[in-house]
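FYI, side chains are in, hydrogens and waters are out, and symmetry mates aren't considered; it's all heavy atoms of this structure. Along the sequence shown, the residues carry numbers beginning at 1.
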Amino acid sequence: MGKRVALVLAGCGVFDGSEIHEASAALVHLSRGGAEVVKIFAPNIEQRDVVNHLKGSPVEEKRNVLVESARLARGNIQDLAELKASEFDAVIFPGGFGVAKNLCSWAVDGKNCTVNEHVNSTLQAFHSAKKPIGLCCISPVLAAKVFPGCEVTVGQDKNVDGRFPDAETASAIAELGCKHICKNVNESHVDKANKIVTTCAFMCKAPLHEIFDGIGTMVQEVLKLA
């Protein structure tokens, strides 16, 4: 029997939703790993903002996170409020600015952010059931905020060769009482005690195949723990 994995999205598009390549990579690796059922969820809330991805600037428009996430899910998606951890073996959160804007307020408040109630309850439910949680790119900050003392990676804690422009995120994670583990883009880190698996993905400026491979290691480790 394949593992039943839930995927949680934050919209559609790197600047105001889920990072599309990361979501797709997670789905491909889950399929390759023999995951029996992959259900996709997103909170039924309004986006914090809407960004014109051609110009990279916000526009005066309102969009719904669940509706936008349905684009990535090919319409097969449910409200995050309906997710029951008892029905799954693991949960995975791709990254993208939507995680820091819609799933929590990290984009505005940093380490003082608040986490969406359904995101928080989902993380708590899987953690309490000792079921693995996979996170990539910026989404490890969710674990850092919800589970003080956990271990995560967002890549490196210094901007090595200009490849890690958001390296200060590692310091903010440490200030939350968590341990940041430095990893390369094609690697992931496993916090065995908390069953949290993280990889940096687009937190590193790297070729797409290296990011894809890193997400693959995260998915593989999640499935091993499930």
Side-chain angles (χ1 to χ4, degrees), residues 6-11 14 17-19 22-23 26 41-43 48 80 83 85 90-160 164-185 187-204 211 214-215 217-219 221-222 225:
L7 192 78
V8 180
L9 299 180
V14 59
S18 288
E19 211 296 319
E22 292 177 13
F41 297 85
R48 176 175 288 274
L80 183 59
L83 192 159
V91 64
I92 288 177
F93 290 74
F97 280 107
V99 171
K101 292 179 176 181
N102 303 325
L103 302 192
C104 71
S105 63
W106 187 278
V108 176
D109 303 318
K111 68 180 188 297
N112 298 316
C113 72
T114 56
V115 178
N116 172 273
E117 61 174 318
H118 295 303
V119 172
N120 183 71
S121 62
T122 294
L123 290 167
Q124 295 282 9
F126 277 86
H127 187 260
S128 296
K130 301 188 185 310
K131 294 180 177 181
I133 299 166
L135 308 116
C136 63
C137 195
I138 190 63
S139 65
V141 302
L142 296 172
K145 186 66 180 181
V146 175
F147 306 118
C150 72
E151 298 176 357
V152 299
T153 188
V154 289
Q156 300 291 322
D157 56 10
K158 294 181 177 60
N159 190 9
V160 182
F164 294 90
D166 301 305
E168 69 276 3
T169 303
S171 299
I173 286 170
E175 290 174 13
L176 285 170
C178 299
K179 185 174 183 179
H180 179 266
I181 309 297
C182 291
K183 290 286 183 178
N184 292 322
V185 67
E187 299 176 312
S188 58
H189 176 70
V190 181
D191 178 347
K192 294 182 179 178
N194 291 293
K195 289 194 171 184
I196 296 171
V197 188
T198 51
T199 189
C200 70
F202 278 98
M203 294 292 278
C204 176
I211 293 166
I215 293 171
T217 68
M218 181 267 286
V219 170
E221 294 297 339
V222 165
L225 290 172

Spacing of CD1 belonging to Ile92 relative to OG belonging to Ser139, to within rounding of 0.5 Å:
10.0 Å
For Ala6 and Phe41, work out which heavy atoms get closest and say how close.
CB-CE1, 3.9 Å
Side chain to side chain contact (heavy atoms under 4.5 Å, CB included) between Arg48 and Val108, intermediate numbers included:
CA-CA 10 Å; Arg48 176 175 288 274; Val108 176; 3.6 Å; yes
Of Thr199, Thr198, Val99, which is the lone residue that meets side chain to side chain contact (heavy atoms under 4.5 Å, CB included) with Leu135?
Thr198
Distance (rounded to the nearest 0.5 Å) between Asn194 CG and Leu123 CG:
11.5 Å
Non-hydrogen side-chain atoms of Glu19 and Pro94 separated by less than 4.5 Å
no
Reported CG-to-OG1 distance for the pair Leu103 and Thr114, which is rounded to 0.5 angstrom:
11.5 Å
Suppose the criterion is ring-ring contact (aromatic ring centres under 6.0 Å, His included): which pairs have a residue in residues 92-138, not counting sequence neighbours?
His127-Phe147
Once you round to the nearest 0.5 Å, how far does CD1 of Ile196 lie from CD of Glu151?
9.5 Å
For the residue pair Cys178 and Cys150, what are the closest heavy atoms and their distance?
CB-O, 3.2 Å
Which pair of non-hydrogen atoms, one from Val152 and one from Ala143, has the smallest distance, and what is that distance?
CG1-CB, 4.2 Å
Do the side-chain N and O atoms of Thr217 and Ser188 include a donor-acceptor pair separated by under 3.5 angstrom?
yes
Ser171 and Asp157, any side-chain heavy atoms less than 4.5 Å apart:
no
His189 side, atom NE2; Cys182 side, atom SG - distance, nearest 0.5 Å:
11.0 Å
Cys113 side chain near Lys145 side chain, heavy-atom distance below 4.5 Å:
yes
Any Ile133 side-chain heavy atom under 4.5 Å of Val197 side chain
no
Listed once per pair and sorted, the salt bridge (Lys or Arg N to Asp or Glu O under 4.0 Å) pairs that draw on residues 109-122, sequence neighbours left out:
Lys111-Glu175
Sequence neighbours excluded, the answer for salt bridge (Lys or Arg N to Asp or Glu O under 4.0 Å) partners of Glu221 is Lys224
Inter-residue atom distance Cys204.SG - Gln156.CD, 0.5 Å rounding
8.0 Å
Step by step, work out the side chain to side chain contact (heavy atoms under 4.5 Å, CB included) result for Asn102 and Asn116.
CA-CA 8 Å; Asn102 303 325; Asn116 172 273; over 6 Å; no
Among Thr153, Asp166, Ile211, which residue satisfies the side chain to side chain contact (heavy atoms under 4.5 Å, CB included) criterion with Met203?
Asp166
